[in-house]
Amino acid sequence: MAPNTVETPPKLSLSVLSLLSDLTPPSLERTWLTAPHPTLPLVATCSSDKTVRVYSLTNFRLLSTISGGHKRSVRTCAWKPNVSGESVLATGSFDATVGIWRRWDNYGETIAAAQGNGEGIHRGQADEDDVDQEDEDEEWRFAVLLDGHDSEVKSVSWSASGMLLATCSRDKSIWIWEDLDDGDNNFETIAVMQEHEGDVKCVSWHPTEECLASGSYDDTIRIWREDIDDWGQVSCIRGHEGTVWGIDWENVENVPSSNSENGSGLQEEWKQWHALSGPRLVSCSHDRSVRIWRRQPKAQGSVPGAGAVPSIIRPTGLGETWEVDAILPHAHELSIYAVAWSRRTGLLASVGADGRIVVYQERLEATSQTEPQPMDTDATDAITTAGGSTAPHPPTEWDIVAVVDGAHDIYEINHVSWARRADRGRDESQEEEVLITTADDGSIKVWTWTRS
């Protein structure tokens with residue numbers, strides 16, 4: 001029986017999160033995380049059974065099973081972006097190692113065939129004894145093992161360029177590896193950061209910059225950047241009162257919705273402010289809260305004038321001030337394990353130990369562009385633009401727009417992600433996403449978002 005769907009509060013337009021399909025067959029053990037492919041309608045899921053499974057989002061069937069590289073649970077995985085001609089997947093395991101897997105790309109042909117006849121290619125399924133293991137090994141190659149962590153690897157993340165890989169571990173450290181891209185699968189360790197005082201649960205790269213965020217058992221979020229030749233912490237964000245389980249970045253081009261008469265003006269204010277402050281960061285915690293963080297823009301005096309010659313020397317002291325932008329409405333009764341920020345709609349989704357899925361939407365509040373600012377306005381709420389005018393931080397409000405209880409029956413939900421919708425028979429050109437949740441019972445469910 002499908003879980004009950006709960007509509008939005010009365011003041012909002014009707015929104016529904018509905019079960020579209022399960023990914024089949026499921027794992028027989030706990031699934032930790034689902035990673036959508038950056039360009040293809042595929043997802044990879046990692047499991048306690050020491051494997052990674054690749055599923056099609058066209059017909060929701062298993063395409064490949066990756067196994068043999070790790071000795072314990074595969075806790076995390078991530079697709080390398082900006083790769084041509086092959087797929088590259090990084091995996092992190094409780095055996096303290098990171099694996100790099102490569103596959104010559106014919107997934108596009110596989111997906112096209114599945115769309116044509118509705119059949120999946122079930123390589124590696126336990127019930128197909130006639131699959132040749134040698135062929136399976138040739139499909140995915142275990143290219144290299146990255147060894148250095150002293151304990152369980154909890155999260156891996158590729159930078160936007162695909163050249164840097166960040167990994168974090170229960171050993172309280174974060175490692176940054178550079179893919180030398182020399183054809184010999186060589187990776188070089190370029191940084192090891194050990195400022196966290198507890199198990200590092202998650203790492204996530206900025207969507208466009210070489211800037212890394214991490215969350216930890218020590219209740220903090222830390223921001224890391226490279227200064228000349230050394231990587232270091234530029235901000236330690238405090239506010240959560242429990243383990244920070246998950247983080248995610250906002251899309252650079254995000255603009256909140258607005259139903260006010262001055263909606264377009266508010267959105268222009270938002271774009272102006274957002275361009276200076278940059279993408280925000282969302283986090284979730286054992287304290288059952290979801291928080292949005294924004295970086296305080298640098299003082300205008302530090303920005304070169306129109307006629308200035310930019311310096312080729314990078315400034316030192318790259319300290320940044322990050323402040324809470326919003327605390328989302330309370331919706332979870334137990335730890336929140338994961339949060340995902342949609343790159344297309346700006347919606348947020350959270351899941352956790354209570355088995356609940358919650359979707360949130362941000363709206364710009366109706367305020368006048370010409371409303372005078374008080375004399376004691378904080379610098380974080382109003383900034384001076386290059387043209388000399390004052391641009392206030394446009395106020396927004398977050399609302400819960402959908403809730404699903406018991407989404408995976410009685411089981412905890414370990415992860416949530418947004419992915420391109422590409423089910424068979426649907427026009428792939430439509431800009432729409434699905435939500436994917438991953439749970440303790442080994443199931444992976446695909447949900448559709450509908451609003452009136």
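The structure presented is a predicted model; accordingly, all values stated were derived computationally and were not measured. Values below: every heavy atom of this structure, side chains too, minus hydrogens, waters and symmetry copies.
Judged purely by distance below 3.5 Å, without hydrogens or angles, the side chains of Ser159 and Ser161 pair a donor atom with an acceptor atom. Side-chain polar atoms of Thr189 and Trp175 form no donor-acceptor pair below 3.5 angstrom. A side-chain N or O of Thr34 and one of Thr438 form a donor-acceptor pair less than 3.5 Å apart.
Sparse packing is recorded around CZ of Arg170, with 12 or fewer heavy atoms of other residues, nucleotides or ligands lying under 6.0 Å away. At most 12 heavy atoms of other shown residues, nucleotides or ligands fall within 6.0 angstrom of atom CD in Glu241.
In this structure, CD1 on Ile221 lies 9.5 Å from CH2 on Trp322, to the nearest 0.5 angstrom. Going from atom CD1 of Ile247 over to atom SG of Cys202 covers 4.0 Å, rounded to the nearest 0.5 Å. Separating the CG atom in Leu145 from the CG atom in Asp95 is a distance of 7.5 Å, to the nearest 0.5 Å. Separating the CZ atom in Arg288 from the NE2 atom in His332 is a distance of 11.5 Å, to the nearest 0.5 Å. Rounded to the nearest 0.5 Å, atoms CG (Asp219) and OG (Ser285) are 6.5 Å apart. One finds the CE atom of Met193 at 7.0 Å from the OG atom of Ser214 (value rounded to the nearest 0.5 Å).
Residues Ala340 and Val416 share a closest heavy-atom pair of CB-O, 3.6 Å. The two residues Trp245 and His286 have their closest heavy-atom pair at CD1-N, 3.6 Å. Here the closest non-hydrogen pair linking Lys50 and Ser73 is CG-N, 4.3 Å. Minimum interatomic distance between Pro81 and Pro38 (heavy atoms only, all atoms of both residues): CA-CG, 4.3 Å. Pairing each heavy atom of Val156 with each of Leu165, the nearest pair is CB-CD1, 4.3 Å. Taking every heavy atom of both residues into account, Trp293 and Gly239 meet most closely at CH2-CA, 4.0 Å.
In this structure, Trp79 and Trp140 have tilted ring planes: the angle between them lies in the 30° to 60° band. In this pair, Phe187 and Trp158 present their aromatic rings tilted. The plane angle is within the 30 to 60° band.
For Ser216 (side chain) and Gly198 (main-chain N/O), a donor-acceptor pair under 3.5 Å exists by modelled atom type. Of the possible donor and acceptor atoms, one in the side chain of His37 sits under 3.5 Å from a partner among the backbone N and O of Thr39. Counting only distance, with no hydrogens or angles, the side chain of His206 and the backbone of Thr208 share a donor-acceptor pair below 3.5 Å. Between the Arg356 side chain and the Ala331 main chain, a donor and an acceptor come within less than 3.5 Å of each other. Remark: side-chain polar atoms of Asn251 are not paired, donor with acceptor, to backbone N or O of Arg344 under 3.5 angstrom. A donor-acceptor contact shorter than 3.5 Å links the side chain of Ser56 to the backbone of Thr58. Between the side chain of Thr321 and the backbone N or O of Gln296 there is no donor-acceptor pair closer than 3.5 Å. Checking side-chain atoms of Gln267 against main-chain N and O of Pro256 turns up a donor-acceptor pair under 3.5 Å. A donor-acceptor pair under 3.5 Å links the side-chain atoms of Asp248 to the main chain of Trp341, judged by distance alone. Thr51 places no side-chain N or O within 3.5 Å of a backbone atom of Ser67 that could act as its donor or acceptor partner.
Under the 4.5 Å side-chain criterion, counting only non-hydrogen atoms from C-beta, Cys211 is in contact with Ile223. Looking at heavy atoms from C-beta onward, Ile66 lies out of side-chain contact with Val74 at the 4.5 angstrom threshold. Between Ile190 and Trp231 there is a side-chain heavy-atom pair separated by less than 4.5 Å. Residues Lys271 and His274 are not in side-chain contact: their nearest non-hydrogen atoms beyond the backbone lie 4.5 Å or more apart. Residues Cys77 and Leu33 form a side-chain contact, since some pair of their non-hydrogen atoms from C-beta on lies under 4.5 Å apart. Contact check for Arg102 versus Asn185: side-chain heavy atoms found under the 4.5 Å cut-off. For the pair Leu348/Trp398, a side-chain contact is recorded, criterion being any heavy-atom separation below 4.5 Å from C-beta on. Residues Asn414 and Thr31 have side chains not in contact (no heavy-atom distance under 4.5 Å, counting atoms from C-beta outward).
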Requested in this report: Go through the steps to decide whether Tyr337 and Cys284 satisfy the test side chain to side chain contact (heavy atoms under 4.5 Å, CB included), and finish with yes or no.
Outcome: CA-CA 7 Å; Tyr337 291 149; Cys284 61; 6.0 Å; no
Requested in this report: For the pair Ile327 and Arg291, evaluate side chain to side chain contact (heavy atoms under 4.5 Å, CB included) and give the outcome as yes or no after the intermediate values.
Outcome: CA-CA 5 Å; Ile327 300 175; Arg291 295 170 181 250; 3.5 Å; yes
Requested in this report: Could you check Trp447 against Lys445 for side chain to side chain contact (heavy atoms under 4.5 Å, CB included), going step by step and ending with a plain yes or no?
Outcome: CA-CA 7 Å; Trp447 308 82; Lys445 294 182 180 291; 3.6 Å; yes
**Report entry** Step-by-step salt bridge (charged side-chain N to carboxylate O under 4.0 Å, His left out) determination, Arg225 to Glu210
**Finding:** CA-CA 7 Å; Arg225 290 184 187 269; Glu210 289 189 351; over 6 Å; no
Query raised in the report: Step by step, would you call Val358 with Ile336 a side chain to side chain contact (heavy atoms under 4.5 Å, CB included)?
Result: CA-CA 10 Å; Val358 183; Ile336 307 174; over 6 Å; no
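For the pair Arg141 and Trp104, the distance from NZ or CZ to the six-membered ring centre is under 6.0 Å and the angle to the ring normal is within 45 degrees.
Checking each of Lys172, Arg75, Arg72, Lys201 against Glu152 for a salt bridge (Lys or Arg N to Asp or Glu O under 4.0 Å) leaves exactly one that passes, namely Arg72.
Ion pairing between Asp218 and Arg238 fails under the 4.0 Å rule for side-chain N and carboxylate O.
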